[in-house]
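Some notes on the structure that comes next.
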2 protein chains.
Amino acid sequence: MATHATTSPKHAEVRTAEQVTELKHQWIEYQRRNALKTTAQRELIVDVFLNGGTSDSHVSIDDLLASVRRRNPKVGYATVYRTVKHLLDAGLAASRQFGDGQTRYEVAGSELRHHDHLICQKCRLILEFEEPEIERLQDSVASRLGGFKVMQHKLELYGLCPKEQGVVGGSCPSEDLRQVESGRR
Amino acid sequence: MATHATTSPKHAEVRTAEQVTELKHQWIEYQRRNALKTTAQRELIVDVFLNGGTSDSHVSIDDLLASVRRRNPKVGYATVYRTVKHLLDAGLAASRQFGDGQTRYEVAGSELRHHDHLICQKCRLILEFEEPEIERLQDSVASRLGGFKVMQHKLELYGLCPKEQGVVGGSCPSEDLRQVESGRR
DNA sequence: CTAGATGCAAAAGTTTTGCAAAGCC
DNA sequence: GGCTTTGCAAAACTTTTGCATCTAG
């Protein structure tokens, strides 16, 4: 019953080298299965995405493109969109919409642990947490709904981080993990 | 511990007359607090929305506008957007994005029970369910994250309804509640 | 009369698509 | 060489905004 939710103490992308290697294997397999050609642009995009070339763990297409262009300025929007679609299809990326008008993508993969999100409604800080209990709950609901087969879930908690509650000495769990600086819409 | 998830057996909008009355009270209060003027268009939009003039309980702006125009063809998009914003602000509407590219709105209100969603990834059927247990879980997570104050949550389960699993005699929990006919994008 | 509301059209933002040129196999 | 992929620009969508006009209070 020890439900232990955790925020990872380290910044942004926390993926071990082994995990990245495994993710790349999955990508290569996907490429093979779908007879995709290996192009410099696509490889770069996938690489940047999986390695979290951005300090941000929930990248928008813009974020991703910006990172990619730092290494190859000629890559176009369309290519990023098309590649991300492949990554989603391959199960290596998952999309999220936290209500700020932008679709964000994060790395997903069979060996990465599933997590959910907590979003500060004021400062737009995005925190991740794990809650094993929820899988149980998910199944219990599914079974009640007559044969529905649940494949995945998304749980988002919205609220206020200590800082935004006006707590003077409040210790924001991750002082500098702020994801969306000020919103861009 | 009796976690009882339920799908409402009735179709689409299931709100009693009393509930609608109460919702309208809330709207009137909001109007007063914010010194909004009473205009025919806005009243119509609010009315259509709260009464679920659409057979759909998760309406998009387009859905809503279409219903509204059936009663007054001159109402414009902007007015609907602006009115929905008020409804959100008043806490009478809640927005959801189920990943089909459209923002959907549903009626919310203090006296209506909170519910979550189960979405069939193939046929886009949207089912609602209640799961009391999740509130507990939400609090337990929040307390672990150092002073975060959780205001609300969104839980979405994605999977396959019996019909789409290829189950021959599968009884889809709500044979005709299909929300999104085929996607419109 | 006056501040707020409406409708239209234009603008802004995001995602998709058509197509010629370029690249992989 | 043939089929895929790319990049650009245009198109398609959704949502927001500016502004002249209208209207509730």
Side-chain angles (χ1 to χ4, degrees), chain A residues 27-28 30-49 58-66 68-69 71-90 93 95-105 180-185, chain B residues 27-28 30-48 58-66 68-69 71-90 93 95-105 180 182-185:
Chain A
W27 170 247
I28 291 168
Y30 176 82
Q31 263 186 313
R32 185 164 309 153
R33 280 201 308 281
N34 298 73
L36 299 189
K37 295 188 173 172
T38 304
T39 70
Q41 294 92 323
R42 195 148 54 189
E43 294 309 295
L44 174 58
I45 295 167
V46 170
D47 199 64
V48 166
F49 180 71
H58 301 89
V59 293
S60 65
I61 293 291
D62 264 358
D63 294 337
L64 187 51
L65 180 62
V68 166
R69 281 195 170 157
R71 293 219 244 155
N72 177 349
K74 297 196 230 222
V75 177
Y77 267 97
T79 306
V80 175
Y81 273 108
R82 290 188 274 232
T83 302
V84 166
K85 201 151 285 181
H86 279 305
L87 286 168
L88 287 168
D89 193 41
S95 71
R96 309 270 167 179
Q97 308 197 241
F98 296 124
D100 65 341
Q102 299 203 246
T103 302
R104 292 174 178 281
Y105 302 88
V180 180
E181 279 308 317
S182 54
R184 33 125 73 237
R185 207 179 217 244
Chain B
W27 170 246
I28 291 167
Y30 176 82
Q31 264 187 313
R32 185 164 311 153
R33 278 201 308 281
N34 299 73
L36 299 190
K37 293 186 174 173
T38 305
T39 69
Q41 295 92 322
R42 195 149 55 189
E43 293 309 295
L44 174 57
I45 296 168
V46 170
D47 199 62
V48 167
H58 301 88
V59 293
S60 64
I61 293 290
D62 265 358
D63 294 336
L64 187 52
L65 180 62
V68 165
R69 281 196 170 156
R71 293 219 242 156
N72 177 352
K74 297 196 229 216
V75 177
Y77 267 96
T79 306
V80 175
Y81 274 107
R82 291 187 273 231
T83 302
V84 166
K85 200 151 287 181
H86 279 306
L87 287 168
L88 287 169
D89 193 41
S95 71
R96 307 269 167 180
Q97 306 197 241
F98 296 124
D100 65 340
Q102 299 203 244
T103 302
R104 292 172 179 283
Y105 302 87
V180 179
S182 53
R184 33 130 72 236
R185 214 188 204 234

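Sequence lines set the chain letters: A, B, ... in the order given, protein chains first and strands last, and positions in each chain run from 1. Just the heavy atoms: all of them, side chains too, but no hydrogens, waters or symmetry mates, feed the values below. What you are looking at is a predicted structure, and each value in this text was computed from that prediction instead of being measured.
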Side chain proximity check, [X] to [Y], heavy atoms < 4.5 angstrom:
| X | Y | answer |
| --- | --- | --- |
| Gln31(B) | Glu43(B) | yes |
| Gln41(B) | Thr83(B) | no |
| Phe49(A) | Val68(A) | no |

Check the phosphate of [N] against [X], side-chain N and O only, distance under 4.0 Å to OP1 or OP2. Yes or no?
| X | N | answer |
| --- | --- | --- |
| Thr39(A) | dT6(D) | yes |
| Thr103(B) | dT14(D) | no |
| Tyr81(B) | dT16(D) | no |
| Lys74(B) | dC8(C) | no |
| Gln41(A) | dG7(D) | yes |

Between Ile61(A) and Ala40(B), whichever has its closest DNA chain C nucleotide further toward 5' is Ala40(B)
Give me, pair by pair, the N or O atoms of the protein and of nucleotides 9-11 of chain D that are less than 3.5 Å apart, along with how far apart they are.
none

Listing time: all N or O pairs from protein to nucleotides 2-4 of chain C that are below 3.5 Å?
unit_1, atom_1, unit_2, atom_2, d
dA3(C), N3, Lys37(B), NZ, 3.0

Original post:
Hey, does the side chain of Asp100(A) reach the backbone of Gln102(A) with a donor-acceptor pair shorter than 3.5 angstrom?
Top reply: yes
_Donor-acceptor contact present, side-chain Asp89(B) to main-chain His86(B), <3.5 Å_ = no
Quick one: on DNA chain D, does Thr79(A) or Thr38(B) contact a more 5' nucleotide (nearest heavy atom)?
->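 Looking at DNA chain D, the more 5' nearest nucleotide goes with Thr79(A).
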Length of the [atom1]-[atom2] vector between [X] and [N], whole Å:
| X | N | atom1 | atom2 | answer |
| --- | --- | --- | --- | --- |
| Tyr77(A) | dA12(D) | OH | C1' | 17 Å |
| Asp100(A) | dA12(C) | CG | C1' | 16 Å |
| His86(B) | dT16(D) | NE2 | P | 13 Å |
| Lys85(A) | dT14(C) | NZ | C1' | 12 Å |
| Leu65(B) | dC13(D) | CG | P | 16 Å |
| Gln102(A) | dC13(D) | CD | P | 22 Å |

The reported gap from CZ in Arg42(A) to CG in Leu44(A) (rounded to nearest 0.5 angstrom) is 12.5 Å
For Tyr77(A), the side-chain contact (heavy atoms from CB on, under 4.5 Å) test, sequence neighbours excluded, returns Ile61(A), Asp62(A), Leu65(A), Tyr81(A)
